[in-house]
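For reference, the structure is listed below as structure tokens.
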Amino acid sequence: MRSHYCGQLNETQVDSQVELCGWVHRRRDHGGVIFIDLRDREGIVQLVFDPDAPESFQTAEQVRSEYVLRVSGRVRRRPAGTVNADLATGRIEVLGIRLAILARSEPLPFQIDEEVEASEEVRLRYRYLDLRRPDMFRRMKLRVDVTRMLRNYLDAQGFLDIETPFLTRATPEGARDYLVPSRTHPGSFFALPQSPQLFKQLLMMSGMDRYYQIVRCFRDEDLRADRQPEFTQVDIEASFIDEEQIMALMEAMIRELFAKVLEEALPAPFPRISHKEALARYGIDRPDLRIPLELVEVSDLMQDVEFKVFAGPARDVAGRVAALRVPSGGELTRGQIDDYTKFVGIYGARGLAYIKVNQIDKGRDGLQSPILKFLPDDTINTLLKRTGAQDGDLIFFGADKARIVNEALGALRVKLGHDLGLVERGWRPVWVTDFPMFEWDEKSAGWSSLHHPFTAPAIDDIAQLEANPGDALSRAYDMVLNGIEIGGGSIRNHRSDVQAGIFRLLGIGDNEAAEKFGFLLEALKYGCPPHGGIAFGLDRLVMLMSGSASIRDVIAFPKTQSAACPLTAAPAAVDAKQLRELGIRLAQPPATGA
RNA sequence: GGAGUGGUAGUUCAGCUGGUUAGAAUCCCGGCCUGUCAAGCCGGUGGUCGCGGGUUCGAGUCCCGUCCACUCCGCCA
């Protein structure tokens with residue numbers, strides 16, 4: 001039916017007969033000559049029809065946008081002066097000899113490849129049309145290139161692609177599960193996996209040694225631009241390996257990925273930063289190193305100042321006072337500063353103090369700020385020195401609980417970086433290590449895992465761990481690229497006593513642990529190799545690599561922010577019969593509509 | 001659960017402080033046109049102003065509620 005893809009044609013086919021199939025991208029009817037841009041996934045080529053071939057010319061007159069055509073014709077060089085430099089096939093055209101309309105098309109709800117993009121709402125409703133756009137095809141193709149390269153790498157390293165169940169059991173901790181009712185066990189439910197975590201660990205206990213899977217995961221939590229209810233992980237686990245070996249293997253994989261797919265060189269090795277240092281310098285555990293701004297610790301300078309807003313948090317062990325120097329920030333208007341104050345309010349900050357640095361060699365008189373009168377000279381001098389302030393700068397301050405200061409100034413740092421055009425070009429990967437094992441959860445008044453409950457602690461003395469859970473570090477590591485966490489993993493607990501101790505610390509009683517994780521604790525007793533792994537967010541990785549603003553743009557059929565599919569109108573009510581078979585009765589009648 | 005932005009022709013948008021018959025571009029339809037490539041020129045069709053209520057002599061515009069989309073906070077081991 002077809003001899004070439006439209007986009008593959010070039011001058012080497014001149015004078016040869018070709019057969020093409022594709023969609024009518026555009027049609028230009030000059031009365032006596034008709035041009036049709038024929039599009040397939042590989043590109044666009046111009047067809048020409050003239051009245052010398054009356055049959056095909058008459059058919060071409062009927063053709064409309066997005067009709068599906070099959071054409072036989074002769075490739076020829078375009079006449080002088082009519083070459084289109086914007087088109088890959090612009091030096092040639094195909095003189096149409098025979099033309100068949102394979103399918104007609106009604107006018108589309110939106111135009112393909114228009115510079116004015118349709119709204120995402122419309123694009124998702126007609127996703128199959130949206131995917132016809134060359135931009136979207138390129139993204140899907142990039143995703144294919146990425147997964148192929150990752151598979152090749154992992155295969156070459158001896159990792160085995162092994163499938164794990166989608167119908168599994170709900171786990172306490174972690175995200176809300178998507179549940180699937182069991183017909184054969186009325187009243188019981190499967191859960192869709194949040195990740196294949198436990199299965200991949202069990203595979204290590206099975207002696208598979210090295211496992212990987214490119215696998216769908218499900219989490220019933222609220223959505224974001226980089227979060228979908230179903231998403232894809234590159235899930236990896238290996239036995240008899242420590243964190244150094246895993247990290248070396250994985251950053252080599254990502255380096256090779258960027259080198260082969262994007263022809264971009266990533267640093268070797270990736271820089272590393274401890275969780276503690278990341279919070280201190282960037283206020284966040286996934287720093288975007290493209291932004292040159294850093295938080296500066298000034299708690300020690302503010303403990304005895306008159307200004308209570310600073311002195312209070314400075315003296316509080318859980319508090320923090322930090323500064324953020326904005327180069328040339330003196331140019332910010334009062335209105336802009338008000339907007340940034342409003343911005344940090346989102347993160348719970350109650351204000352945003354600042355000092356304008358007009359002329360640094362004039363000391364106090366060269367500065368401008370409502371808080372200046374509260375600060376003694378030596379505090380000001382140390383502050384200026386420590387922040388490296390220069391004439392024309394502005395220094396923002398955050399003072400509150402450390403968590404609020406970090407989140408507010410961390411987010412402000414990123415926002416300022418973008419607003420002021422300070423974001424460096426390129427790729428800045430970083431490993432974040434030395435995470436705390438646990439964090440205190442105010443709501444449940446208990447410890448919870450920062451990573452997940454199967455992560456090994458840096459010390460394997462359970463008594464020591466239980467004595468000071470807040471100080472314990474874990475053997476977890478996150479790979480962060482340009483401020484986005486693209487992967488995270490850890491060395492796991494391979495001793496049942498350590499694992500059981502961690503469950504106790506997390507407030508999971510022995511009975512509950514036995515019921516929910518008994519199979520894991522049991523498996524740990526039968527010769528579990530030391531093991532660890534990592535999981536990459538494939539969607540986020542491809543989003544970054546394609547320069548997309550949302551993972552929806554790299555998923556063929558994504559959900560909206562309310563976790564619905566505009567194309568299929570899922571989720572939807574089901575027949576009463578289906579519910580009866582599952583032993584389910586609805587507490588509320590389904591909302592009627594559609 | 002919360003904050004913000006948006007919802008007007010098939011599509012992308014404009015519509016001021018409430019005031020006549022809601023506009024533009026594009027798409028679509030018809031006509032002209034033999035070298036265009038976002039072809040051009042002439043003409044035409046196309047509207048539940050998201051939905052419901054309220055204020056008013058009068059609502060696309062103001063108020064209340066609600067739905068949808070997007071961004072963010074919470075949430076996401």
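By convention in this document, chain letters (A, B, ...) are assigned in the order of the sequence lines, proteins followed by strands, and residues within each chain are numbered from 1. Bear in mind that the values here come from a model prediction, so they are computed numbers and not experimental data.
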Paired with B:C70 by Watson-Crick or G-U wobble geometry, both distances under 3.5 Å: which nucleotide is it? B:G4
P gap between B:U34 and B:G23, integer Å: 37 Å
If you go through the side-chain atoms of A:R78, does one of them form a donor-acceptor pair with the base of B:C37 closer than 3.5 Å? yes
So, under a plain 3.5 Å distance rule, would you say the side chain of A:N84 forms a donor-acceptor pair with the base of B:C37? yes
Across all strands, who's sitting opposite B:C62 as a Watson-Crick or G-U wobble pair, both distances under 3.5 Å? B:G54
Atom CZ of A:R39 to atom P of B:A38: distance rounded to whole Å? 15 Å
Could you check whether A:T171 gets within reach of a base, just the sugar-phosphate, or nothing at all, counting any heavy atom under 4.0 Å? nothing
Sidechain-backbone polar pair: A:T82 side chain, A:R78 backbone, donor-acceptor under 3.5 Å: no
Would you say the side chain of A:Q46 and the base of B:U36 hold a donor-acceptor pair, judged only by whether the two atoms sit under 3.5 Å apart? yes
Nearest whole Å is fine: how far is B:U11 P from A:E106 CD? 15 Å
B:C29 phosphate, OP1 or OP2, under 4.0 Å from A:R64 side-chain N/O: yes
Kindly confirm whether the side-chain ring of A:F35 is stacked on the base of B:U36, judged by centres under 5.5 Å and planes under 30°. yes
Whole angstroms only, please: what is the CZ-C1' distance between A:R27 and B:C37? 14 Å
Watson-Crick or G-U counterpart of B:C49, or none if no pair lies under 3.5 Å: none
Audit row: A:F166, A:F218, ring pair (Phe, Tyr, Trp, His ring centres under 6.0 Å) steps and yes/no: CA-CA 9 Å; A:F166 275 6; A:F218 305 86; 5.5 Å; yes
For nucleotides B:U8 and B:G47, find the distance between their P atoms and express it as a whole number of Å. 15 Å
Can you tell me how far C1' of B:C73 sits from NZ of A:K415, to the nearest Å? 14 Å
For a quick check of understanding: with a heavy-atom distance under 4.0 Å over all strands, which category does A:F454 fall into, base, sugar-phosphate or nothing? nothing
Hey, does the side-chain of A:R176 have a donor or acceptor N/O within less than 3.5 Å of a partner on the base of B:G74? no
Check A:E93 with A:R77, please: is the shortest side-chain N to carboxylate O separation under 4.0 Å? no
Would you be so kind as to tabulate the donor-acceptor pairs closer than 3.5 Å made by side chains of residues 57-69 of chain A, with sequence neighbours excluded?
from: A:T59; atom 1: OG1; to: A:E55; atom 2: O; distance (Å): 3.0
from: A:R64; atom 1: NH1; to: A:E61; atom 2: O; distance (Å): 3.1
from: A:R64; atom 1: NH1; to: A:Q62; atom 2: O; distance (Å): 3.4
from: A:E66; atom 1: OE1; to: A:R39; atom 2: NH2; distance (Å): 2.9
from: A:E66; atom 1: OE1; to: A:R132; atom 2: NH1; distance (Å): 2.9
from: A:E66; atom 1: OE2; to: A:R39; atom 2: NH1; distance (Å): 3.1

Opposite nucleotide pairing with B:U21, Watson-Crick or G-U, both atom distances under 3.5 Å: none
Using a 4.0 Å cut-off on protein heavy atoms (strictly under), produce a 5'-to-3' string for nucleotides 66-71 of chain B with B for base contact, S for backbone-only sugar-phosphate contact, and - for none. --SSBB
Could you tell me the separation between the CD atom of A:Q228 and the P atom of B:C75, rounded to a whole number of Å? 21 Å
Under a 3.5 Å cut-off for both contacts, is B:U34 paired Watson-Crick or G-U wobble with anything, and if yes, with which nucleotide? none
A:R227 CZ to B:C75 C1', straight-line distance once rounded to whole Å: 7 Å
Enumerate donor-acceptor pairs with a distance under 3.5 Å from any side-chain N or O in residues 508-520 of chain A to protein atoms, sequence neighbours excluded.
from: A:E512; atom 1: OE2; to: A:K516; atom 2: NZ; distance (Å): 3.3

Complement of B:A39, any strand, by Watson-Crick or G-U distances under 3.5 angstrom: none
Does A:D37 pair with A:R26 as a salt bridge, N-O distance under 4.0 Å? no
Residue whose nearest RNA chain B nucleotide is more 5′ - A:L450 or A:P107: A:P107
Whole-Å gap separating C1' (B:G74) and CD (A:E407): 10 Å
Work out how far the C1' atom of B:G54 is from that of B:C70, and round it to whole angstrom. 29 Å
Stepwise side-chain contact (heavy atoms from CB on, under 4.5 Å) check, A:V344 with A:F396: CA-CA 11 Å; A:V344 295; A:F396 280 121; over 6 Å; no
Taking only side-chain N and O atoms of A:R28, does any of them lie within less than 4.0 angstrom of OP1 or OP2 on B:U36? no
From CD of A:Q233 over to P of B:C76, roughly how many Å is that when rounded to an integer? 16 Å
